[in-house]
Amino acid sequence: MLPFETGSRIRLNPDASIGCVEAVENLAIARVLAEIGDLLEIKAENPFKIRAYRNASETIAHETRRIAELTPAERLELPGIGKDIAGKIGELVDTGEMAYHKDLLQQFPPTVLDLLHLQGVGPKTVALLYREMDIRTLQDLEDAAKAGRLRAIKGMGAKKEVLILKALEEQRRFTGRRLMPEAYETAAAVVAELREHAPGADISMVGSLRRGCDTCGDLDILAAGAPASVMDAFTRYKLVDRVLAHGDTKSSVRLWGGFQADLRLVPRESLGAALQYFTGSKTHNIALRDRAMQRGLKLNEYGLYRADTDEKVAGENEEGIYDALDLAYVPPELREHRGEIAAADARALPRLVQLADLQGDLHAHTTATDGRADIESMARAAQAAGLRYLAITDHSKSLAMANGLDEARALEHARAVREVGARMEDFNLLAGIECDIRPDGAMDLADDCLAQLDLVVASLHSGFNQEPAQLTDRLLRALECPWVDVLGHPTGRIILRREPLQADWPRVFATAAAAGVCLEINSQVDRLDLDDLRARQARDAGAKIVISSDAHSAGAVAVLRWGVVVARRAWLTPADVLNTRDVESFHAGLRRHRRAA
DNA sequence: GCCGTTTTCGGCCCGACTGTTTTCAGTCG
């Protein structure tokens, strides 16, 4: 998935001229290829050709070197890039345009690509809507659906109209926000640029980025002790599309791809106060200012002052501000006004879990199903990341698209995993499975198969439209299976695309706690499931939590950091997270072994 | 369109679910 909006809003380089390659970033190239894939799909082209463009797009989005700087021969070596696509990429890099992409956009207005991203609307529907009713935009579609005109099209009915209106409403609710990790990567690039410009200054991300929220509206950046020229460096940054405001202490820009970024400049002596102020959250800050007032103090972005004399009490660093307010330092992830001020007052803040606390990863895929790397590569990557154990948990047979394993293949795969594990030093491989929970709550694989594995992660991958009561029963039945150790991505949410499933979560958590089943925080950047609030709820219900990568490639183990952020926002300590333990005590904490004990 | 060859063309993940049918098309994962 690419972090950019759809449509023709990409202009790779507005002043495109030959040789002007700097602005053609990998993600922009990847997006052009992905759009070609979408447009070809609407044209009902050869599905393998469509996939070829999408594969090429994925490759480029994940390539760490800058494609624009590679030679044509080097580009050809990238997986999924052949002569044809390599040539088109070269054209794009050299001229800022790709004729093939432009031709396709002549045939379909770019706004139809927005339709394609609605839930339940695919390429056939988009083509039909465009050809039959000249529907080009989301607005056209909404008007037609509201007027009941869509049902006139063969194959569409009143129910489909309702679904489309619902999808439109969801999309509206989500626009303007992005996944936090994407925002973080973009902000990190801006910060790096500014640091280069002002090496002596203190430049950092603030706002929701620093608090670790799972989505981000705009990028807030703070510069303390930087020269005034940092504002020019910011507004002239290569990925700036439009300057919205340019002042001495505050500037705002729109970046290519849609992010708004704000830069604030404060004197160095105000660093702490400004960090505190711009990190928020708003409700946390209000409570903090209230506390200051009660102590005859006032707090703003420049410092903490005595209300009567304006004498400065604190402001150079954040710790000093909290200290002057008789509070323990509150980690940014907790600043949501969810009890952190009372806890800081009582010196009872938790010691939050950190990435370095994790000793194992309990959810990973391989080429046996839909992963990109083999068992050994996954294991080596986990080991290189500093972990001591990894569970290989490929899909079960219901997930046919992912080439899910049936009982025989699952056991054969487990043998292969154990064989690789036996060869590794100071590292444990667990042979597990991510077993589908069928619509009726039954496990996708037979009990005697699950019993022979080291770890069973049970997950929902279909039947998301069930009623809450039915869904709850389904989950409770899954928890009854004695071989289920972990409930994987429990709520099924896809951030910015699919809301968490509506089930009786307190009941599910309580049942899991009683049965000894762990709840997963899935670290995939568009899942982060459980979310912070539910993870805290689950812990409070007595359930153990695991933080897992759900990695589908060797490098993807790195996403664990985002799962840890969620855990921190959930107030979790290392003791709450089962995979902070060494492999022996981890095993001992698993349901299957607790049962035996 | 890419890949990997039995080196010049055939293979490339496919089953479940839903809303629309009246035996299926489209979407999703």
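Protein chains get the first letters and strands the later ones, always in sequence-line order, with residue 1 at the start of each. Since we're looking at a predicted model, the values are computed, not measured.
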For Asn46(A), which contact category applies under a 4.0 Å heavy-atom criterion: base, sugar-phosphate, or nothing?
base
How would you label the contact of Leu118(A) with the nucleic acid (heavy atoms, under 4.0 Å): base, sugar-phosphate, or nothing?
sugar-phosphate
Between Arg151(A) and dT20(B), is there a contact of a side-chain N or O with OP1 or OP2 at under 4.0 Å?
no
I want to verify a distance call: between dC13(B), dG29(B), dG1(B), whose nearest atom is closest to the Asp84(A) side chain?
dG1(B)
P atoms of dC28(B) and dT23(B), separation to the nearest Å
25 Å
Taking dG1(B) as the reference, what is the distance to dT8(B) when you measure between their C1' atoms (whole Å, please)?
15 Å
Is there a side-chain polar atom (N or O) of Arg51(A) under 4.0 Å from OP1 or OP2 of dC13(B)?
yes
Which whole number of Å gives the distance between the C1' atom of dT5(B) and that of dG11(B)?
11 Å
Would Thr472(A) and Asp504(A) count as having a side-chain donor-acceptor pair, cut-off 3.5 Å?
no
Short side-chain donor-acceptor distance under 3.5 Å, Asp143(A) and Gln139(A)
yes
Mind checking if Ala158(A) touches a base, just sugar-phosphate, or nothing, with heavy atoms under 4.0 Å?
sugar-phosphate
Residue His461(A), side-chain heavy atoms: nucleotide from dC13(B), dG1(B), dG29(B) that is nearest:
dG29(B)
What contact category does Ile50(A) fall into here, base, sugar-phosphate, or nothing, at under 4.0 angstrom with non-hydrogen atoms?
nothing
Value in whole Å for how far the C1' atom of dT27(B) lies from CG of Leu128(A)
14 Å
Roughly how many Å apart are dA16(B) and dT21(B), using the P atom of each and rounding to a whole number?
24 Å
For the residue pair Leu387(A) and Gly360(A), what are the closest heavy atoms and their distance?
CD2-N, 3.9 Å
Quick one: which of dG1(B), dG19(B), dC13(B) gets closest to the side chain of Tyr53(A)?
dG1(B)
Among dG15(B), dT27(B), dT20(B), find the nucleotide with the atom closest to the side chain of Ala400(A).
dG15(B)
What distance, rounded to whole Å, do you find between the two C1' atoms, one in dT27(B) and one in dT20(B)?
13 Å
Using heavy atoms to find the nearest nucleotide of DNA chain B for Val121(A) and Thr369(A) separately, return the residue whose nucleotide is more 5′.
Thr369(A)
Please tell me which of the listed nucleotides, dT27(B), dG1(B), dT20(B), lies nearest to the side chain of Lys124(A)?
dT27(B)
Regarding dG29(B), can its base be found pairing with the side chain of Asp370(A) as donor and acceptor, where the two atoms are less than 3.5 Å apart?
no
With no hydrogens and no angle check, just 3.5 Å: does a side-chain donor-acceptor pair link Asn522(A) and Gln524(A)?
no
Can you find a side-chain donor-acceptor pair between Glu434(A) and His365(A) that sits under 3.5 Å?
yes
OP1, OP2 of dC28(B) versus side-chain N and O of Ser462(A): anything below 4.0 Å?
no
dC13(B) and dG29(B), which share atom name C1', separated by this distance in whole Å:
11 Å
Smallest separation among heavy atoms of Glu132(A) and Ile153(A), with atom names
CB-CD1, 4.3 Å
How is Lys83(A) classified with respect to the nucleic acid when contacts are heavy atoms under 4.0 Å: base, sugar-phosphate, or nothing?
sugar-phosphate
Of the candidates dC13(B), dC12(B), dC2(B), the side chain of Phe48(A) sits closest to dC12(B)
On DNA chain B, check which nucleotide each of Leu163(A) and Pro123(A) is closest to and give me the residue with the more 5' one.
Leu163(A)
Less than 3.5 Å apart, any donor N or O on the side chain of Asp529(A) or Thr491(A) sitting next to an acceptor on the other?
yes
For Ser398(A), answer base if it contacts any base atom (sugar-phosphate contacts may also be present), sugar-phosphate if it contacts only those atoms, and nothing otherwise; contact means non-hydrogen atoms under 4.0 Å.
nothing
Rounded to whole angstroms, how far apart are CG on Leu460(A) and P on dC28(B)?
19 Å
For Pro47(A), answer base if it contacts any base atom (sugar-phosphate contacts may also be present), sugar-phosphate if it contacts only those atoms, and nothing otherwise; contact means non-hydrogen atoms under 4.0 Å.
nothing
